[in-house]
Amino acid sequence: MGRFNSQTYLLWGVLAGVILGGVVGWVFGPKALFLSILGELFLNALKALVIPLIVVSMIVGISHLGDVRRLGRLGGITLLYFLTTMGLSVILGILLVNWIQPGVGVTIGEEMTKVLPRKEYSFLNVLRGLIPPNLFQAMSEGQVLPLLLFSLLFGGILTTLGPSGESVILFFRGINDALLKMVRIVMFFAPIGVFSLVATRLAQAGGGEMFLQELLRIFKYAGTVILGLLIHGSLTLPLVLFLFTRKNPLKVFKGVSQALMTAFATASSSATLPVTLEKTRSNLKTSPEVSSFVLPLGATINMDGTALYEAIAAIFIAQIYGIPLTLGQEVVIFLTATLAAIGAAGIPEAGLVTMVLVLQSVGLPLEGIGALLAIDWFLDRCRTTVNVWGDVIGTGVIDSTLGKRS
Ligand code: ASP
């Protein structure tokens with residue numbers, strides 16, 4: 001009963017936090033900025049847990065697998081799931097943006113000359129980042145991929161060491177359980193944290209009226225992205241879940257809704273990861289090796305919402321400038337939007353940076369990114385929610401596929 005009560009408190013509390021935060025930020029605008037400390041503390045607590053959790057849960061997850069051959073199968077199915085669902089969401093995005101044509105008739109205002117600082121984004125750099133010379137530096141910089149790789153290898157090797165490895169695994173299991181309990185404690189403050197994060201972000205945007213003005217200016221574009229996210233999140237992904245697992249998507253949604261609302265409030269898949277791990281573990285009942293492998297990897301690589309947004313935004317920019325795209329170019333956008341989503345880190349507005357890749361691939365003007373800036377913080381929250389939802393569903397699908405085959 002106690003658990004039921006605390007779960008119910010949290011579920012409604014976090015929902016109330018999102019709504020009240022929206023109302024307060026909307027009405028009071030910049031005056032609500034003094035609330036920011038509450039959100040900062042909550043976000044910091046989550047961020048502090050992410051890096052140790054990634055390392056430990058990956059090691060524990062891999063050690064659960066037992067047989068290394070199962071890792072190959074798990075890895076293969078996971079990548080297949082990630083690529084297929086991201087591919088589906090990009091196709092949906094391309095279809096919607098071509099149908100709605102949100103960029104036609106949009107005039108290029110002054111703000112479009114404000115271009116983002118160009119950050120070097122190349123595959124060689126991504127490759128270099130996979131094996132950093134100093135693991136602790138990578139940790140302190142929050143670089144997730146090298147940590148995942150290291151932990152994967154480390155956990156795999158522990159399983160081959162016999163008794164000495166087993167005691168280390170046991171040690172890490174203890175840490176993992178302790179960290180997940182800490183997540184539960186942090187989540188008690190989620191209603192306040194989420195309230196503050198939503199209120200202050202809206203306050204930063206100048207309050208409700210300013211936000212509405214920006215939204216209305218590129219309403220068709222924002223609407224296309226949101227419509228795509230809604231279709232992917234409420235139709236495609238639930239259908240995939242049901243087809244593979246026969247689980248009720250609504251129940252799963254309710255079970256992880258705190259993670260989804262945290263994703264909306266923080267705009268970061270990585271910062272949400274502790275909550276996603278905890279909620280999936282206690283509510284989805286998937287095997288620990290699957291969730292502790294799929295979720296950390298998914299938070300970094302699997303971004304359905306971002307993939308959809310990359311494609312829509314790029315084609316929107318082409319429409320604004322009146323640049324017609326050939327079918328071949330749209331195929332290139334399909335590929336690069338998926339890559340840009342994979343390459344985006346699970347942090348706020350990372351997708352905006354990697355979009356340079358999509359635009360460059362088909363020769364679209366980078367200045368076009370300026371058209372998206374004002375409203376991107378909001379769309380970022382929406383797409384991050386779908387990113388996390390895709391990871392959760394992936395865990396269910398992969399768990400049941402793996403279970404059937406082994
Ligand atoms: N903020 C997103 C995430 O963390 C990434 C992005 O699309 O910018 O999932």
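We count ligands from 1, going down the list as the structure has it; atoms in each ligand are counted the same way.
Checking side-chain atoms of W389 against main-chain N and O of G233 turns up a donor-acceptor pair under 3.5 Å. Between the side chain of S287 and the backbone N or O of E289 there is no donor-acceptor pair closer than 3.5 Å. Remark: side-chain polar atoms of Q319 are paired, donor with acceptor, to backbone N or O of G103 under 3.5 angstrom.
Judged by the 6.0 Å distance and 45° axis criteria, R246 is positioned over the aromatic ring of F242.
Annotation: side chain of R173 is not in contact with side chain of V56 (no heavy-atom distance under 4.5 Å).
Here F189 and F42 keep their ring centres 6.0 angstrom or further from each other.
The immediate protein surroundings of ligand 1, defined as residues with any heavy atom under 4.0 Å of it, consist of A267, S268, S269, M303, T306, A345, G346, I347, P348, E349, A350, G351, D380, R383, T384, N387.
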